[in-house]
**Student:** 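Please see the structure below; I have some questions.
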There are 2 protein chains.
Amino acid sequence: MSGHSRHLPADERRAATVEAVVDLAAEQNPSDITTTAIAQRMGLTQGALFRHFPTKDAILQAVMSWVTERLMARVDKAAEGATSPLAALEAIFKTHIDFVAEHTGVPRMLFGELQRPGETLPKQMVQTLTRQYGERLRRLLEAGKARSELHSELDVDAAVVLFIGTIQGLVMQSLLAGDVARIRRDAPAVFAIYLRGITHTR
Amino acid sequence: MSGHSRHLPADERRAATVEAVVDLAAEQNPSDITTTAIAQRMGLTQGALFRHFPTKDAILQAVMSWVTERLMARVDKAAEGATSPLAALEAIFKTHIDFVAEHTGVPRMLFGELQRPGETLPKQMVQTLTRQYGERLRRLLEAGKARSELHSELDVDAAVVLFIGTIQGLVMQSLLAGDVARIRRDAPAVFAIYLRGITHTR
DNA sequence: TAAACTAGTAATAGATTACTCACTTTTTGG
DNA sequence: CCAAAAAGTGAGTAATCTATTACTAGTTTA
């Protein structure tokens, strides 16, 4: 092949589309991303997108699928190496923060999808993702209680909600400051408070 | 006056407009609220809105102003009655949760405004609100440290971020479950973890 | 090499959006 | 009580958004 092949195979275009959406979501309100903006970012005309996806929702669906795979794979890998439930929780948190710092638009997209009325497919995928994620956390928290790493009266469901809220709070803080780097910088101190809230009395 | 007076004075219409937006925000994605939907909710035609507001952003601005006044007034009042910084924090949290439970759309609106690119006036008002709010919290947290109600190594800024994240997490949870009542129900357990995270060693 | 397939363009349809304006109805003050 | 001001109507406009379609140019395949 000699140089610029304008035509790419379908699966590569689909992957590039997802990437374009994730990138755009970092720069603007995710719910304001238009098919024109996506195509422009990819160097295509708007109509070309609909060769690979039947609807815009199908694009969002592909993005959610991408997020679920990548995030869960990284989280699972991080938890694997840990020697205790508590260490696993901390590793997951760090991994999640890294993921969010790399793709600032993603948590905002998820939150945005959840706000849509009705039962759209992308929304259902977010619900599935958080259910899976919450289940992982719940197991670790239960295990931590069994080992007395966590305090005995800990409400596990509440701890799951606060774990996610911790990240959500950091995202909001970075929006307020207009500074994405804040997420990584402030994460340790915020997690320290969370940890103190769930661990066994010292 | 014998019954249905169709024309209302301007200030009452402005107040009714804000109320309509807040109500609508509870039912749908705040960033998808149209001027048509607002007018319909008020029993007016869409054009009538622009007798009282020059632009849609001016409406949002009025909503943000309403939120700031109401929320800060309630928060201040709640803190007044408290006998200690820690008690004040808990009272503020409870009050904030009550406010959010009554107006589920509000926190989602604020978050949505923060995501808009550029420096819109409504966005700046949200930033001002959270700055004021954060300042109140910071003072209380510092006072709590001085009294040794909170542990001495506590990172106050992180505690502020997590305080807001706690509420944000509860909002997200209610979206996931599609059940607004969850916020009130789950709030105490979540706050208990937060409290344990910031208080002096037992 | 001809036929079929794949990936793209450019134009445009159809819906929705915020906003405007000429005109009508209601309220109000001298 | 009546004229002016305030409030509301309803039709329309320009812009924008998703999706469709007729058509073109490369690439496989038979």
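Naming convention: chains lettered A, B, ... in sequence-line order (proteins, then strands); numbering from 1 in each chain.
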**Student:** Of B:T34 and B:P9, whose closest DNA chain C nucleotide lies nearer the 5' terminus?
**Tutor:** B:T34
**Student:** I'd like to know if A:R51 reaches the base of C:dG8 with its side chain such that a donor and an acceptor end up less than 3.5 angstrom apart.
**Tutor:** yes
**Student:** Roughly, in whole Å, what's the span from CZ in A:R14 to P in C:dA7?
**Tutor:** 12 Å
**Student:** If you assign each of B:P54 and A:A48 to its closest nucleotide in DNA chain C, which residue comes earlier from the 5' end?
**Tutor:** A:A48
**Student:** Using whole Å, what does the distance between atom P of nucleotide D:dC17 and atom CD of A:Q40 come to?
**Tutor:** 11 Å
**Student:** Just N and O in the side chain of B:H52: are any of them under 4.0 Å from OP1 or OP2 of D:dG8?
**Tutor:** yes
**Student:** Examine D:dT9: is either OP1 or OP2 under 4.0 Å from a nitrogen or oxygen in the side chain of B:R6? Give yes or no.
**Tutor:** no
**Student:** Taking atom P of C:dA22 as reference, at what distance in whole Å does atom CZ of B:F50 sit?
**Tutor:** 17 Å
**Student:** What is the distance, rounded to the nearest whole Å, between atom CZ of A:F53 and atom P of D:dC17?
**Tutor:** 20 Å
**Student:** Given the structure, check if the side chain of B:Q46 and the base of C:dC19 hold any donor-acceptor pair shorter than 3.5 Å.
**Tutor:** yes
**Student:** Check each of A:F163, A:Y133, A:Y194 against A:F93 using the ring pair (Phe, Tyr, Trp, His ring centres under 6.0 Å) test, and report the only one that passes.
**Tutor:** A:F163
**Student:** A:I59 has an atom CD1; how far is it from atom C1' of D:dA19, in whole Å?
**Tutor:** 11 Å
**Student:** Looking at the side chain of B:H7, which of D:dG8, C:dC19, C:dT9 is the nearest nucleotide?
**Tutor:** D:dG8
**Student:** Classify the side-chain pair B:H151/A:R196 by whether it contains a donor and acceptor separated by less than 3.5 Å.
**Tutor:** yes
**Student:** D:dC17 P sits how many Å from A:N29 CG, rounded?
**Tutor:** 13 Å
**Student:** Quick check: are there more than 12 heavy atoms from other residues, nucleotides or ligands sitting under 6.0 Å from CD of A:Q40?
**Tutor:** no
**Student:** Working note: A:Q46 + A:T36, criterion side chain to side chain donor-acceptor pair (under 3.5 Å); need CA distance, chi angles, decisive distance, verdict.
**Tutor:** CA-CA 5 Å; A:Q46 185 249 4; A:T36 305; 4.7 Å; no
**Student:** Return yes if some donor-acceptor pair links the side-chain N/O of B:R108 with the main-chain N/O of B:A25 below 3.5 Å, else return no.
**Tutor:** yes
**Student:** For B:R13 and D:dG8, is the shortest distance between a side-chain N/O and OP1 or OP2 below 4.0 Å?
**Tutor:** yes
**Student:** Select one nucleotide: of C:dT9, D:dT18, C:dA18, the one nearest the side-chain heavy atoms of B:K56.
**Tutor:** C:dA18
**Student:** Between B:L44 (CG) and C:dT26 (C1'), how many Å, whole number?
**Tutor:** 14 Å
**Student:** Check the distance between D:dA6's P and B:D11's CG and give it to me in whole angstrom.
**Tutor:** 13 Å
**Student:** Given D:dG10, C:dG8, C:dT9, identify the nucleotide with an atom nearest to the side chain of A:L8.
**Tutor:** C:dG8
**Student:** It should be established whether B:T35 places a side-chain nitrogen or oxygen under 4.0 Å from OP1 or OP2 of nucleotide C:dA18.
**Tutor:** yes
